[in-house]
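Note sheet for the following structure.
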Protein chains: 2
Amino acid sequence: MVLPRAAKTQRRTRIQEEKEERILEAALEVFSANGFRGATVDQIAEVAGMSKPNLLYYFRTKEAMHRALIDRVLDTWLDPLREFNAEGNPVAEIRSYIRRKLEMARDYPRESRLFANEVLQGAPHIEDELKGPLKALVDEKAEVIRAWAKAGKIAKCDPYHLIFAIWSTTQHYADFDVQVRAVLGQGNAGEGRFEDAARFLERLFVDGLQVSEQPAA
Amino acid sequence: MVLPRAAKTQRRTRIQEEKEERILEAALEVFSANGFRGATVDQIAEVAGMSKPNLLYYFRTKEAMHRALIDRVLDTWLDPLREFNAEGNPVAEIRSYIRRKLEMARDYPRESRLFANEVLQGAPHIEDELKGPLKALVDEKAEVIRAWAKAGKIAKCDPYHLIFAIWSTTQHYADFDVQVRAVLGQGNAGEGRFEDAARFLERLFVDGLQVSEQPAA
DNA sequence: TGTAATGTTTACCAACCGGTCAAATTATCA
DNA sequence: TGATAATTTGACCGGTTGGTAAACATTACA
């Protein structure tokens, strides 16, 4: 028999789970660094430490691998936004959302680049996810923010563009990492860049650049 | 004779100028949409309306085309930052820098995506430009911002991360356009998105989200 | 243990890709 | 006008790419 996935037994083998895991890990590495078209199956196979036909036994096509990867990663990628809590203190919620997103950019840059590559090139493989689950989630949270503004808890502002601004500023440190490093240089506190970014962004979103009362001195 | 570019005459033919122009326009279209590796010479030739060998008569390799394109575009892309003026009013300067960058994202999204693709995939072709001219320019302007902060004209903040924040928030509307459209939907004021973004960002950077005195009501 | 299902490999293919070549065509200008 | 240089094209090439076929190896389990 030559049925690859979803064989007769329905239940996935231990080997299947292990190999699919290794493949998706390798696929993340390669897709995130090169985009869909720039990635090659041979490359992924090499990173996964197996032969190309072996890899294609588990995922019949390059597209199937990419789709499986997207499905697997998208959920966790949106977790921080899901945790955005309507009941909490608005400023604290926004602050913690920024912090969480920045931690994701630091700890999961490949996931960030995976989506960035995809969206940048017109999102040919994830259009449905953007217009469906993503839009729905953003709509929901935008409503929360709008309510906060209406209640006078934060300044009146367009909630969608606020979310875009948080996304872009935080993911910048993953997606444009080489540029950030190049500009900061190694002498220029390049290594503390995530802490510096956190300080800067929390302050930016809360206070803006207006001169504030100096607490002391 | 088969000398392609820089022929005996030294002076470029009218035909040369026209064709190179058409090629670079097509190259911008294709490279920005697909990245370097994702773009094919055939594709560029088709968009430019000429045969592949003909195209390769003007640019010997795909790399040469890409390099010529980068050289041509990088300068104008950095213009807004160059115009950043140390003598001006700080808040006004920042506001106008944001506005200009947002206009660039609206009017020249392909240029933005060209660099985004490149940087996202590790900047293999523009590393020198990042570490050289770009870093130098940012260093210079960062010093201006630092001086403003020291003089108490704006809040103390990390000037590098301020620049990163302006870059990321504005370019987001070019680089992640499909995502922005998907989330906003067509009903949701999708068409006025650049005006909305301008209003939001100018306010964000100047005031932050803190509750401000309501002018009336 | 035997056997059927699952997993792996070697060899291969057709399409695509960047690039070349030589011949044919067109522009330039003495 | 004629000859020389510039431009354009179709045919082609070697390497890469996504994917297949079939033989071989291993595992699970009655």
Side-chain angles (χ1 to χ4, degrees), chain A residues 1-24 26-27 29-31 33-69 117 121 124-125, chain B residues 1-24 26-27 29-31 33-69 117 121 124-125:
Chain A
M1 273 290 160
V2 276
L3 285 180
R5 287 154 301 296
K8 273 187 177 172
T9 41
Q10 287 297 61
R11 195 128 184 75
R12 274 161 73 231
T13 314
R14 173 185 48 84
I15 288 186
Q16 270 173 34
E17 275 187 51
E18 279 179 18
K19 291 291 167 79
E20 287 178 13
E21 178 63 35
R22 264 170 58 193
I23 291 170
L24 289 180
E29 186 71 27
V30 176
F31 279 132
N34 305 95
F36 181 78
R37 204 168 184 289
T40 74
V41 177
D42 295 84
Q43 227 179 326
I44 298 171
E46 197 195 321
V47 173
M50 59 181 82
S51 69
K52 179 170 63 170
N54 195 186
L55 187 156
L56 287 167
Y57 170 75
Y58 292 99
F59 295 92
R60 253 186 287 263
T61 65
K62 189 180 167 185
E63 281 234 19
M65 284 180 39
H66 191 257
R67 170 143 301 273
L69 184 58
N117 263 304
Q121 307 199 356
H125 304 91
Chain B
M1 272 292 159
V2 277
L3 284 180
R5 287 154 301 295
K8 275 188 177 170
T9 43
Q10 287 297 62
R11 195 128 184 76
R12 274 162 71 230
T13 314
R14 173 184 48 83
I15 288 187
Q16 269 173 33
E17 274 186 51
E18 279 179 18
K19 289 292 168 76
E20 286 178 13
E21 177 62 34
R22 265 171 57 195
I23 291 170
L24 289 181
E29 186 71 27
V30 176
F31 279 133
N34 304 94
F36 181 78
R37 204 167 184 291
T40 75
V41 177
D42 294 84
Q43 227 179 326
I44 298 172
E46 197 195 320
V47 172
M50 58 181 81
S51 68
K52 180 170 61 169
N54 195 185
L55 187 154
L56 288 166
Y57 170 74
Y58 292 99
F59 295 92
R60 252 187 287 263
T61 65
K62 188 180 167 186
E63 281 234 18
M65 284 182 39
H66 191 257
R67 171 143 300 274
L69 184 58
N117 263 304
Q121 306 198 357
H125 303 91

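Predicted, not measured: the structure shown is a model, and the values here were computed from it. Convention: sequence-line order gives letters A, B, ...; per-chain numbering from 1.
A residue-by-residue look at A:N54 and B:A39 shows that A:N54 has its nearest nucleotide of DNA chain C further toward the 5' end.
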Exercise for review: List the steps and the verdict of side-chain contact (heavy atoms from CB on, under 4.5 Å) for A:E63 and A:F36.
Suggested key: CA-CA 8 Å; A:E63 281 234 19; A:F36 181 78; 3.7 Å; yes
**Study point:** Intermediate values then yes/no, side-chain contact (heavy atoms from CB on, under 4.5 Å), B:K52 and B:T40
**Key:** CA-CA 10 Å; B:K52 180 170 61 169; B:T40 75; over 6 Å; no
Practice item. Tell me, with the steps shown, if A:M50 and A:I23 meet side-chain contact (heavy atoms from CB on, under 4.5 Å). Key: CA-CA 9 Å; A:M50 59 181 82; A:I23 291 170; 3.8 Å; yes
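Per the geometry, CG belonging to A:L56 stands 19 Å off P belonging to C:dC12, to the nearest Å. One atom, CD of B:E63, and another, P of C:dC17, lie 17 Å apart when rounded to the nearest Å. B:M50 places its CE atom 9 Å from the P atom of D:dT9, with the value rounded to the nearest Å. As rounded to whole Å, 14 Å separates atom C1' of C:dT9 from atom CG of A:D42. Whole-Å rounding puts the A:H66 NE2 to D:dG18 C1' distance at 15 Å. Residue A:F31 contributes atom CZ, which lies 13 Å from atom C1' of D:dT17 at whole-angstrom precision. Atoms CD1 (A:I23) and P (C:dG7) sit 11 Å apart, rounded to a whole Å. Note: CZ (A:R60) to C1' (D:dT20) measures 13 Å, nearest angstrom.
In this structure, A:Q16 does not reach the C:dT6 phosphate: none of its side-chain N or O atoms is under 4.0 Å from OP1 or OP2. Regarding contacts with the backbone of C:dT9, a side-chain N or O of A:S51 is found under 4.0 angstrom from either OP1 or OP2. Distances shown here put a side-chain N or O of B:Y58 below 4.0 Å from the OP1 or OP2 atom of D:dT8. Within the structure, every side-chain polar atom (N or O) of B:R37 is placed at least 4.0 Å from both OP1 and OP2 of C:dC16.
Counting only heavy atoms from C-beta on, A:T61 has its side chain closest to D:dG19 among D:dG19, D:dG18, C:dT10. With D:dG18, C:dA11, D:dT9 as the choices, the nucleotide that has an atom nearest any side-chain atom of A:P53 turns out to be C:dA11. Closest to the side chain of A:Y57, out of D:dA21, C:dG7, C:dG18, is C:dG7.
For the helix from C:dT1-D:dA30 to C:dA30-D:dT1, the terminal axes (five pairs an end, C1' atoms, rotation from four pairs onto the next four) enclose an angle of 10°, given to 10 degrees.
Summarising the geometry, atom NZ belonging to B:K62 is positioned 12.0 Å from atom CG belonging to B:L55; distances are rounded to the nearest 0.5 Å.
Residue side chain B:K52 reaches the base of C:dG18 through a donor-acceptor N/O pair under 3.5 Å, judged by distance alone.
Heavy atoms of B:T40 sit under 4.0 angstrom from primed sugar atoms or phosphate atoms, though from no base atom.
In terms of modelled atom types and a separation under 3.5 Å, the side chain of B:R67 and the main chain of B:H125 share a donor-acceptor contact. A:K19 places no side-chain N or O within donor-acceptor distance of the main-chain N or O of A:N54, the cut-off being under 3.5 Å.
Within a 6.0 Å radius of CD in B:Q43, more than 12 heavy atoms belonging to other residues, nucleotides or ligands are found.
The shortest distance between side-chain heavy atoms of B:F59 and B:E20 falls below 4.5 Å.
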